[in-house]
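Note that ligands are numbered from 1 as they come in the structure, with each ligand's atoms numbered from 1 the same way.
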Amino acid sequence: MTASPSAPAIVWFRQDLRLADNPALHAALKSGRPILPVYILDNITPGEWKMGAASHWWLHHSLEALAKSLKAIGLPLILKRGESGSVMNTLVKESGAGAVYWNRCYEPYATVRDATIKENLRADDIAAESYNASLLVEPWEVENAQGNHFKVFTPFWRRAVEQLLEREMKTFPYPTKANAPATLPTSDVLDEWKLLPTQPNWAEGFAHWTPGEKGAEQALLAFTDSAIRYYRVERDFPAQESTSRLSPHLHFGEISPRLIWKHVYHQLDAERIKPADAQKFLSEVGWREFSYSLLYHFPALPQKPFQEKFAAFPWEKNDKALLAWQRGMTGYPIVDAGMRELWQTGWMHNRVRMIVASFLTKHLLLPWQEGAKWFWDTLLDADLANNSASWQWVAGSGADAAPYFRIFNPILQGEKFDEKGEYIRRFVPELKNMPKEYIHAPWKAPEWILKQAKVVIGKDYPAPIVNHEMARDRALEAYKNIK
Ligand SMILES: Cc1cc2nc3c(=O)[nH]c(=O)nc-3n(C[C@H](O)[C@H](O)[C@H](O)COP(=O)(O)OP(=O)(O)OC[C@H]3O[C@@H](n4cnc5c(N)ncnc54)[C@H](O)[C@@H]3O)c2cc1C
C-alpha cells in the first residue's frame, strides 16, 4: 500500500550539508509532504574508511551550521548514530515516512549501501529517490568514443566541459520556508557524539576555518574577488594564500560545484576575471571530477594500484621512518613544514602534498597506502576519491600518473617554491633564523652559520633521515624490478 501523501518525507543529509542547490531537499519540498531532515553518523558501513579525527571536527561544526540554517526555515535536524540501513529502517517506521530523498555519494561502500536501502524502501512502497548534488558530471556521463571511461585527465575534462557547455546548468534556489511533521522522532545530542577533541585539544590551530554553508560561500567570494587573478602563477607557492581553500567545504557538500561553476562564469561575463584564470581554476575542480570518475570505475582505487604492474613494487616497511615523516621530523625542511602544516591546520598546500607524498613513496620507499591513511585521519578535506587518486598519481601507480622516475628533489623544490623560506619558517620555527641560502638544506650550512642561527643539527633539528642521492638511486633501482 502506498503511504499517504501527507506522510513525511525524510531528507537524508550526507555529503551535502547545505540548503542551496540541494536537489534532495528540493524534491522533498516539491512533494508537499512535511519534511524530516536527518543526519546519520555511520562509522560502521565505511569500514576502514570511516571518518578520520580531523573530519570529525569539521563535521561537528558543519552539522551545527546546518541545524541553524534548517531551523531558520522551520525544520529540525534529527541526528542518529549507527549502521545507516537499520537506522533508516527504524526512522521510517517511527516517523511513518512516505518518502526518502538523498543526494548520491560515490564511495564504493556508499553505492552498495544506498542501492540496498533504496531497494528495501521501494519494496515497502516508500518512495526513494537519489540525486546528483556534488559533481558537475556524474562518473557514468563522460565517455570516450568507444563508450569507456577516460583514464587520462585532459580528454576527460575536455569532453566534460563540452557537455557542460551544451546543457543548461540547473541549480535549485535556497528554500525560504518548509513544514516539519507534527511529531518528531527523538534526536541524539550533537555534543554527546564527542566529535571534538578535548584532552589534548589538538584542533586549536583549526580555528581560522568556518565550516558550514556560509563559510563556503565566503571562501568562494573571497577567492574570486582577488586570488583567482593570480592563481595560475601563484598557486604553487605555499607561503601565499593563493588557492581557494574550498576543499573541505566541497568534501562536505557545503557548496555545490554547479554554483561554483556558475559564479565563475558570472564573473567572467562581467569581465571581472580573465578566461585563462577561470579555466585554470575550473580545471582543478575538474581534477576532483576525474578522481570521482576513477573511484567509481575502479572501486579498489583506495587499496590497489590502478596500474597492475605496481602490485609487484618492492615497498619497504620502516615504522621509524614513517613516524618521522608523520611528525615532520625527516630533516628535509620543506617536507617537515608540510607535515606540520597538516597537523596544525588540518590542511596542506597542494604543491607540498606532492612533495611529501613523493618523499614518502620514493625517498623512503614506503607504500602510498600508508601516506593516504595518515592524510585520511589528519586532513579536514579527507576525501576518498581525491586522496586515493592523488596518492596514486604521485606514487606513479595511478591513472594519468606522474611517471615513477620523476623523483622530486626536496631541496630544489623548496628553493623553487619557497625561495625565501617563509613557509618553512612558519611551520618549522627552529629554523627561523637560518639564512635563505641554507634553509632548504641546513645540514650543509657552515658551523658559524648554524651557530648564528642557534641550530645544532641532530639536536634542535634532525639530520636528514635519508641521503637524497642514495634514495633517488635506490628508488630507480626498485622501479626497474617492475618495468
Ligand atoms: C597526496 C595528495 C593527497 C590529496 N588528498 C586530497 C584529499 O583527501 N581531499 C581533497 O579534496 N584533495 C586532495 N588532494 C588534492 C589537492 O591537494 C587539494 O584538493 C587542494 O590542495 C585543496 O586546496 P584548495 O581548495 O585551496 O584548492 P584549489 O587549488 O583552490 O582548487 C579548487 C578545488 O579543486 C579541487 N582540486 C584541486 N586540486 C585537485 C587535485 N589535484 N585533485 C583533486 N581535486 C583537486 C579541490 O576540490 C579544491 O578544493 C590531494 C593531493 C595530493 C598530492
Side-chain angles (χ1 to χ4, degrees), residues 15 49 51-52 54-55 58 107 134-136 153 156-157 209 215-216 219-220 222-224 226-228 230-238 240-257 260-261 263-264 277-295 301-302 325 335 338-339 341-342 345-362 366-402 408 413:
Q15 279 162 222
W49 299 111
M51 234 181 256
S55 300
W58 191 283
E107 290 78 6
S134 62
L135 294 174
L136 293 167
F153 172 72
F156 165 86
W157 187 235
W209 291 101
L220 176 65
F223 176 70
T224 51
S226 118
I228 195 169
Y230 320 104
Y231 182 76
R232 262 183 307 151
V233 183
E234 297 192 359
R235 59 183 289 271
D236 268 323
F237 299 97
Q240 289 156 26
E241 282 217 15
S242 50
T243 67
S244 71
R245 304 203 175 211
L246 277 167
S247 50
H249 299 291
L250 270 165
H251 170 75
F252 284 92
E254 297 168 353
I255 192 161
S256 118
I260 296 180
W261 173 281
H263 177 69
V264 169
D277 296 327
Q279 275 155 19
K280 182 65 195 160
F281 175 62
L282 290 177
S283 80
E284 291 305 319
V285 176
W287 273 98
R288 176 174 176 272
E289 303 278 325
F290 183 55
S291 301
Y292 272 80
S293 169
L294 290 176
L295 178 63
L301 194 70
W325 178 82
V335 174
M339 297 309 292
E341 177 179 35
L342 173 61
T345 72
W347 186 86
M348 194 197 299
H349 188 277
N350 180 58
R351 165 62 46 183
V352 192
R353 291 188 202 204
M354 292 195 282
I355 298 171
V356 303
S358 173
F359 189 83
L360 185 85
T361 53
K362 296 171 186 181
L366 294 178
W368 57 267
Q369 290 94 332
E370 288 289 354
K373 260 194 252 163
W374 181 252
F375 271 32
W376 186 256
D377 199 36
T378 51
L379 271 175
L380 289 166
D381 65 25
D383 181 279
L384 200 60
N386 279 356
N387 198 39
S388 314
S390 301
W391 270 97
Q392 292 227 37
W393 187 87
V394 179
S397 62
D400 197 11
F408 279 165
Q413 287 286 314

Seminar exercise, completed: Residues P257 and R288: closest non-hydrogen pair is CG-NH1, 4.0 Å
Exercise. Which atoms of ligand 1 are found less than 4.0 Å from any heavy atom of W391?
Worked result: 1 (C), 3 (C)
Seminar exercise, completed: Among non-hydrogen protein atoms, atom 11 (O) of ligand 1 lies closest to N386 ND2, 3.0 Å
Exercise. Quick one: does ligand 1 sit under 4.0 Å from the side chain of W376, the backbone, both or neither, non-hydrogen atoms only?
Worked result: neither
Problem set entry | Charged N-O contact under 4.0 Å between D381 and R353 | yes
Exercise. Tell me, which protein residue and heavy-atom name are nearest atom 24 (P) of ligand 1, and how many Å apart are they?
Worked result: R245 N, 3.5 Å
Problem set entry | Atoms of ligand 1, numbered as shown, that sit under 4.0 Å from any heavy atom of M354 | 53 (C)
For this session: Examine the proximity of ligand 1 to F281 and report which part, side chain or backbone, both or neither, has a heavy atom under 4.0 Å away.
Result: side chain
For this session: State, without any angle test, whether D383 and H251 hold a side-chain donor-acceptor pair at a distance under 3.5 Å.
Result: yes
Problem set entry | Audit row: W391, F375, ring-ring contact (aromatic ring centres under 6.0 Å, His included) steps and yes/no | CA-CA 10 Å; W391 270 97; F375 271 32; 5.0 Å; yes
For this session: List every atom of ligand 1 that sits less than 4.0 Å from any heavy atom of D383, numbering the atoms from 1 in the order shown and giving each element.
Result: 7 (C), 8 (O), 9 (N)
Exercise. Which class fits the ring pair W157 and F153: parallel under 30°, tilted 30 to 60°, perpendicular over 60°?
Worked result: parallel
For this session: If you have a sec, work out which protein heavy atom is nearest atom 52 (C) of ligand 1 and how many Å separate them, to one decimal?
Result: S390 CB, 3.3 Å
For this session: Could you tell me whether the side chain of R232 reaches within less than 4.5 Å of the side chain of F281, counting heavy atoms only?
Result: no
Exercise. If you count the atoms of ligand 1 from 1 in the order shown, which ones are under 4.0 Å from a heavy atom of L246?
Worked result: 25 (O), 49 (O)
Exercise. How are the rings of W376 and W49 set to each other: parallel, tilted or perpendicular (split at 30° and 60°)?
Worked result: perpendicular
For this session: Pick one of side chain, backbone, both or neither for how W393 approaches ligand 1, counting any non-hydrogen atom pair under 4.0 Å.
Result: neither
Exercise. Without hydrogens or angle criteria, can the side chains of Q369 and W374 be said to hold a donor-acceptor pair below 3.5 Å?
Worked result: no
Exercise. Between P248 and L380, which heavy-atom pair has the shortest distance, and what is it?
Worked result: CB-O, 3.7 Å
Seminar exercise, completed: Min over R353, Q392, H249 of heavy-atom distance to atom 18 (C) of ligand 1 lands on R353
Exercise. Between the side chain of W325 and the main-chain N/O of V356, is any donor-acceptor distance below 3.5 Å?
Worked result: yes
Exercise. Please state which protein non-hydrogen atom is closest to atom 28 (P) of ligand 1 and give its distance, to 0.1 Å?
Worked result: Y231 OH, 3.5 Å
For this session: Considering only non-hydrogen protein atoms, determine which one is nearest to atom 5 (N) of ligand 1 and report residue, atom name and distance to 0.1 Å.
Result: N387 OD1, 3.1 Å
Exercise. What protein heavy atom is closest to atom 41 (N) of ligand 1, reported as residue, atom name and distance in Å?
Worked result: N350 OD1, 4.1 Å
Seminar exercise, completed: of all protein heavy atoms, closest to atom 38 (N) of ligand 1 is E284 OE1, 3.3 Å
Exercise. With a cut-off of 4.0 Å, which atoms of ligand 1 are near a heavy atom of S247?
Worked result: 11 (O), 22 (C), 23 (O), 25 (O), 49 (O)
Exercise. Which bit of L379 gets closer than 4.0 Å to ligand 1, counting heavy atoms only: side chain, backbone, both or neither?
Worked result: side chain
For this session: Number the atoms of ligand 1 from 1 as they appear, then name those within less than 4.0 Å of a heavy atom of L250, with their elements.
Result: 47 (O), 49 (O)
Exercise. Numbering the atoms of ligand 1 from 1, which are under 4.0 Å from a heavy atom of D381?
Worked result: 7 (C), 8 (O), 9 (N), 10 (C), 11 (O)
Problem set entry | Atom indices of ligand 1, in the order listed, that fall short of 4.0 Å to a heavy atom of W347 | 22 (C), 23 (O), 26 (O)
Exercise. Who's the nearest protein heavy-atom neighbour of atom 30 (O) of ligand 1, and how far?
Worked result: S244 OG, 2.6 Å
Problem set entry | Criterion side-chain contact (heavy atoms from CB on, under 4.5 Å) on E289 and Y292, from CA distance to verdict | CA-CA 5 Å; E289 303 278 325; Y292 272 80; 5.9 Å; no
Problem set entry | Heavy-atom side-chain contact between F408 and F359 under 4.5 Å | no
Exercise. Mind checking whether F156 and F290 have parallel, tilted or perpendicular rings, split at 30° and 60°?
Worked result: tilted
